[in-house]
Amino acid sequence: MKILGLQKTTLLDYPGKIASIVFTAGCNFRCPYCQNSELITGEGCEIIPEEDVLSHLKKRAATLEGVVITGGECTLQPDLYEFCQKVKALDLSVKLDTNGRDSALVKKLIDDGLVDYVAMDIKNCKEKYAETAGIHACQDADKMLSEVYATAEFLMQGKTDYEFRTTVVEEFFEDEDLHRIGRWIKGAKAYYLQPYRDSENVLVKGFHTPKDEDMRRYRDIMQSYVENTQIRGLDL
């Protein structure tokens, strides 16, 4: 795999587990508020040999409980399936972070027992999805979004542990958008709202963090559709 980053230990990114995070290159979306813009193309980034990553995982196998595979968008990696096999061979759990671009691959990984937890981004309601994901000018935007919807539908069947999550950017969200998301994923297992934070690596400058009271209101709206709705990154 084209690996551009390795966080050796995290207690936050894989719920209930001590894990390492593997960051892969490339993404099919161009979310203007993306915090990991350097991973979109991978230009100028040093590639970490897969063997080095696996060596680290082997050395830490007695301490680690899982591995988070993220991006960019990790399902773009042609050898993701094989990498998951290697991780599972170390008796480690696998968490996949995805935007849902490849429903068939996500299904195969789960059906074959290679992924134990999926965190899928819900960029916005369907009506504003293409704009929020930065693909509104793409000719195949409808096809890309159909994959997103199919992945969400599959995850809600409950064949593996999962969560949906949304990064809330002030400029992209209002109350009705949360109602639309809620009607779409009603009854989901878990949904997390996380406020946008500005950084030097953001793809497009000028976006703003939502107010705390807006985040609370959005949480309250979503709890009427998904009981387990929480806010990450704020003590509210």
Side-chain angles (χ1 to χ4, degrees), residues 1-14 17-110 112-121 123 133-135 138 140 144 147-148 151 165 167 194 197-205:
M1 292 209 305
K2 191 174 182 181
I3 299 171
L4 300 185
L6 173 65
Q7 183 174 330
K8 294 184 177 181
T9 307
T10 175
L11 302 177
L12 301 175
D13 292 85
Y14 196 146
K17 293 188 182 298
I18 302 170
S20 290
I21 308 177
V22 175
F23 296 90
T24 63
C27 189
N28 58 312
F29 285 174
R30 291 296 183 271
C31 305
Y33 54 89
C34 179
Q35 297 282 335
N36 293 323
S37 59
E38 72 278 6
L39 298 178
I40 291 178
T41 64
E43 294 180 3
C45 296
E46 182 179 351
I47 297 176
I48 301 174
E50 182 179 303
E51 295 76 16
D52 291 355
V53 174
L54 292 171
S55 176
H56 158 72
L57 297 177
K58 289 176 184 177
K59 290 177 182 177
R60 298 291 306 280
T63 302
L64 292 174
E65 299 170 295
V67 176
V68 179
I69 307 175
T70 188
E73 173 51 42
C74 61
T75 63
L76 286 167
Q77 301 298 316
D79 51 351
L80 174 63
Y81 187 95
E82 291 76 15
F83 184 76
C84 289
Q85 287 180 312
K86 294 171 185 177
V87 173
K88 293 294 287 185
L90 299 174
D91 198 27
L92 294 169
S93 296
V94 174
K95 174 178 177 276
L96 198 72
D97 289 353
T98 182
N99 62 27
R101 64 163 290 275
D102 192 333
S103 61
L105 178 56
V106 171
K107 182 178 186 300
K108 182 172 177 58
L109 288 167
I110 291 171
D112 291 354
L114 297 179
V115 167
D116 306 282
Y117 193 107
V118 177
M120 177 179 164
D121 294 326
K123 301 298 183 181
I135 58 171
C138 297
D140 59 347
M144 295 167 73
E147 283 294 312
V148 170
T151 302
R165 60 190 188 183
T167 298
Q194 46 201 37
R197 299 294 187 191
D198 197 13
S199 75
E200 293 183 358
N201 293 326
V202 70
L203 189 60
V204 178
K205 305 294 184 182

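Just so you know, these numbers use all the heavy atoms, side chains as well, and skip hydrogens, waters and symmetry mates.
- In this view, E73 and C27, N28, T75, L76, T98, N99, R101 satisfy the side chain to side chain contact (heavy atoms under 4.5 Å, CB included) rule, not counting sequence neighbours.
- Nearest heavy-atom pair, S93 versus K17, reported as atom, atom and distance to 0.1 Å: OG-CE, 3.6 Å.
- No donor-acceptor pair closer than 3.5 Å links the side chain of E38 to the backbone N or O of C45.
- Annotation for D91: atom CG does not count as buried by contact number, only 12 or fewer foreign heavy atoms lying within 6.0 Å.
- With sequence neighbours left out, P78 forms a side chain to side chain contact (heavy atoms under 4.5 Å, CB included) with no residue at all.
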#### Entry: Test side chain to side chain contact (heavy atoms under 4.5 Å, CB included) applied to Y33 and K123, step by step
CA-CA 11 Å; Y33 54 89; K123 301 298 183 181; 3.6 Å; yes

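- With sequence neighbours left out, I18 forms a side chain to side chain contact (heavy atoms under 4.5 Å, CB included) with T9, L11, L64, E65.
- Among all heavy-atom pairs drawn from L105 and D102, the shortest one is N-OD1, 3.0 Å.
- A side-chain donor-acceptor contact under 3.5 Å links K95 to the backbone of D13.
- Remark: T70 pairs with D97 by the side-chain hydrogen bond (donor to acceptor under 3.5 Å, both in side chains) rule, at least two apart or across chains.
- Residue L80 comes nearest to C74 through the heavy atom pair CD2-O, 3.6 Å, listed as atom of the first residue, atom of the second, then distance.
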List the atom pairs, donor and acceptor, that lie under 3.5 Å between side-chain atoms in residues 81-88 and the rest of the protein, sequence neighbours left out.
{"from": "Y81", "atom 1": "OH", "to": "D112", "atom 2": "OD2", "distance (Å)": "2.6"}
{"from": "K86", "atom 1": "NZ", "to": "E50", "atom 2": "OE2", "distance (Å)": "2.7"}
{"from": "K88", "atom 1": "NZ", "to": "D116", "atom 2": "OD1", "distance (Å)": "3.1"}
{"from": "K88", "atom 1": "NZ", "to": "D116", "atom 2": "OD2", "distance (Å)": "2.9"}

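- For the atom pair CD (Q7) and CZ (F23), the distance works out to 5.5 Å, reported to the nearest 0.5 Å.
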### Message
Between M120 and R165, does the side chain to side chain contact (heavy atoms under 4.5 Å, CB included) criterion hold? Intermediate values first, please.
### Response
CA-CA 6 Å; M120 177 179 164; R165 60 190 188 183; over 6 Å; no

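- Of the inter-residue distances, the one linking S20 atom OG with L57 atom CG reads 5.5 Å to the nearest 0.5 angstrom.
- Under a 3.5 Å cut-off, the side chain of D79 and the backbone N or O of M1 do form a donor-acceptor pair.
- Under the side chain to side chain contact (heavy atoms under 4.5 Å, CB included) criterion, S55 pairs with K59, not counting sequence neighbours.
- The minimum heavy-atom distance between L203 and P32, with the atom names listed, is CB-O, 3.5 Å.
- Here the OG1-CD1 distance, from T10 to I21, works out to 4.5 Å after rounding to the nearest 0.5 Å.
- E147 contributes a side-chain N or O that, together with a main-chain N or O of S103, makes up a donor-acceptor pair within less than 3.5 Å.
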